[in-house]
Amino acid sequence: MKSTNPFLGKSSRDAYGMVFYDLAKDNDRIVALTADVPGSVRFNKFRESWPERFFNFGIAEQNMMGAAAGFAREGKLPFVSVYAIFAALRAIEQLRTDIAYPNLPVRICVTHSGISLGPAGPSHHTLEDISILRSIPNMTVIAPADGTSTAMAMSAIQEHPGPVYMRLNRAVEQTAYETISKYSYGKANLLRKGADLTIIAYGASVGNALLAAEKLQEDGIQASVLDMAFIKPIDRNAIIENGSKTGKILTVEEQNIIGGLGSAVAEVIAENNLNAILRRVGIPDEFTLAGPYSELQAYYSIDPKGIVREALNLLDQTS
Amino acid sequence: MIWVPSHFIDKDLLMKNKNRIIRLQKKALEYRKHLIQLAHSHSFGVHIGGGLSLAEILTTLYFEVANLDSGNPDWKDRDRIILSKGHGNIGLLTILAMKGYFPFSEMQSFNQLESFYSMHADAHILGVEHSAGSLGHGLSVAVGMALAAGLDQKDWNVYCILGDGEIMEGSNWEALMSASHFKLKKLTAIIDRNHLSQEGTTTETMGLEPLVKKIENFGWFVEEVDGHNISELLQVFDAEPIGQPKMIIANTIKGRGVESLANKTKSHFNHLDENQARLALEDIEKELMSLQ
């Protein structure tokens, strides 16, 4: 099976570059926009093949994002790729007002999200994008778990008529998908079934949650793992169904604890009178430290060990 | 400067164009009349000052320069016009109604619940290419449109109208840089240089001069004209710089035509009372008479 999956062991951004190149082969409406980082966002192969469809806007993300709206208004399908922080914060108003308000089909596929550019420190960490983007109407927000699921995510949004924010990692994530399966638009994927608690995660946290679930199993604890790649629209039914089965939900994300997946799940629990206890794991409401990515993940308890610890805390809390 | 404005002071051409110019002057006065009436009938107030400074710019662009078909607003080869200073929407809606994109009666819902006829330009309205309001957005969108046109080898033009206060926003300077970098010769921007922002002069708020030099140094072909002089506007719109985007700095008077507001900061957003409206309309009638 492994030989049939070219995305296995690739980071989400590497897989993005591969899939994007293949898409662009068959669709000359596709244009690529970046801001001085074509190599980092894996646009180089596209750039070499179709230089006329490649646009480097220099270190000026607001203008790039506004221009993407102009391209889309004229029938193009722009893929805008830069580091997450510079799309979701620096150019957020262009994204909101010029792209989301007119519901234009722009793909904002950002790399180096969360704390994945660890040593670069808080200026380059993106821990607010999920909370910001999910409060913008018309936006689809998706964060695939690994290389393989990035290919699945690209398929799931291919025909979507509105704007999409796709959150990708810099580093190679823990594998969540060995083989290429499928994301359905707005649906979560249940990757593991267990009766004791439900772990809900997106992005790199999914692979970490799966490893944590294996560890927990060694202690006789059975955890479900739900890949909530689509943070918006969120799969309410999956939360209700799985949350009510286990009565305990642990959300894990590489985002500020305020406004992200944990908050979204809390909304679903509260609004549906769901009998479930929630524990949110993420970056606490403080500015992050600089450091190696894996050490930062450990520091903020979003690595497999940290997730195990938080799962046990949740179980203690309810026992 | 690459382009030599050889016909800029061609008196013969001016004579030939006389009828064309008078027709446009009448249109501009008609626009002013509508605007005064709207500013009088909408008690909440409208952005009257900028609407009045835009009169000749919009008239020249929509009634002469741009290639448009109001009966077919989505015509693929039309010229694109973006009003980046989206608060000039009352002016944009007026000119669009005059062009026949929609009847004036639709504007009765202006600023009312569930109406897209509102304070700022909204692309839900026929003829409005892109929504605007927050300043410093339109020129980037125009850059994207012009790039898309280039990619498809299309010949249409993109026009983008900016306010002078608006260009204090840094994003404009990113867009200016990119337009010359990408050699967008089909892109023309117009700055409505009325020297006033919402609560002060541009000089005291954030100095913009030397504006011509600044924009020239960003790689644009720049001409400065009297933004209320249709003859000058026509000539500068006709100029064809080689391989460069074009910037027209149109010197205007905010609130021009309403004596109590002209060139005053308070002209930015206002309701015109009976007396103000009557006096302004009388002045317009006098100007119309002089054109007969």
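Applying the 6.0 Å contact sphere to CD1 of A:Ile59 captures no more than 12 heavy atoms from other residues, nucleotides or ligands. Annotation: A:Arg134, atom CZ; neighbour count of heavy atoms from other residues, nucleotides and ligands within 6.0 Å is above 12. Environment of CG in A:Asn27: crowded, with over 12 heavy atoms of neighbouring residues, nucleotides or ligands closer than 6.0 Å. More than 12 heavy atoms of other residues, nucleotides or ligands shown are found within 6.0 angstrom of NZ on B:Lys214. The neighbour count for A:Lys10 NZ, taken as heavy atoms of other residues, nucleotides or ligands under 6.0 Å away, does not exceed 12. No more than 12 heavy atoms of other residues, nucleotides or ligands lie within 6.0 Å of CD in B:Glu199, so this atom counts as exposed by the packing criterion. The environment of A:Tyr185 atom OH is dense: over 12 non-hydrogen atoms of other residues, nucleotides or ligands sit within 6.0 angstrom.
The candidate with the highest count of non-hydrogen atom pairs below 4.5 Å against chain B, out of A:Met65, A:Met64, A:Glu93, is A:Glu93. Chosen from A:Gly70, A:Ala69, A:Ala60, A:Ala72, the residue pairing most often with chain B at heavy-atom distances under 4.5 Å is A:Gly70. Your options are A:Glu52, A:Lys76, A:Arg53, A:Arg73, and the one with the most heavy-atom pairs under 4.5 Å with chain B is A:Arg73.
Heavy-atom distances place the side chain of B:Asp122, and not its backbone, under 4.5 Å from chain A. In this structure, chain A has heavy atoms under 4.5 Å from both the backbone and the side chain of B:Leu147.
Look at B:Lys154 and A:Glu74 and you find no salt bridge, because none of the NZ, NE, NH1 or NH2 atoms lies under 4.0 Å from a carboxylate O.
In terms of heavy atoms, B:Phe182 sits closest to A:Asn56 at CZ-O, 3.5 Å.
Summarising the geometry, atom NE2 belonging to B:His120 is positioned 11.5 Å from atom OG1 belonging to A:Thr97; distances are rounded to the nearest 0.5 Å. Between B:Met145 atom CE and A:Phe71 atom CZ the span is 11.5 Å, to the nearest 0.5 Å. Distance check, rounded to the nearest 0.5 Å: OG of B:Ser131 to CG of A:Asp98 gives 8.5 Å.
By a heavy-atom distance cut of under 4.5 Å, A:Tyr101, A:Pro102 are the residues of residues 100-133 of chain A near chain B, going up by number.
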Could you pull out every donor-acceptor pair under 3.5 Å between side chains of residues 60-68 of chain B and any protein atom, sequence neighbours left out?
residue: B:Thr60; atom: OG1; partner: B:Glu56; partner atom: O; Å: 2.6
residue: B:Glu64; atom: OE1; partner: B:Arg23; partner atom: NH2; Å: 2.9
residue: B:Glu64; atom: OE2; partner: B:Arg20; partner atom: NH1; Å: 2.8

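Using a 4.5 Å cut-off on side-chain heavy atoms (C-beta onward), A:Asn63 and B:Ser178 make contact.
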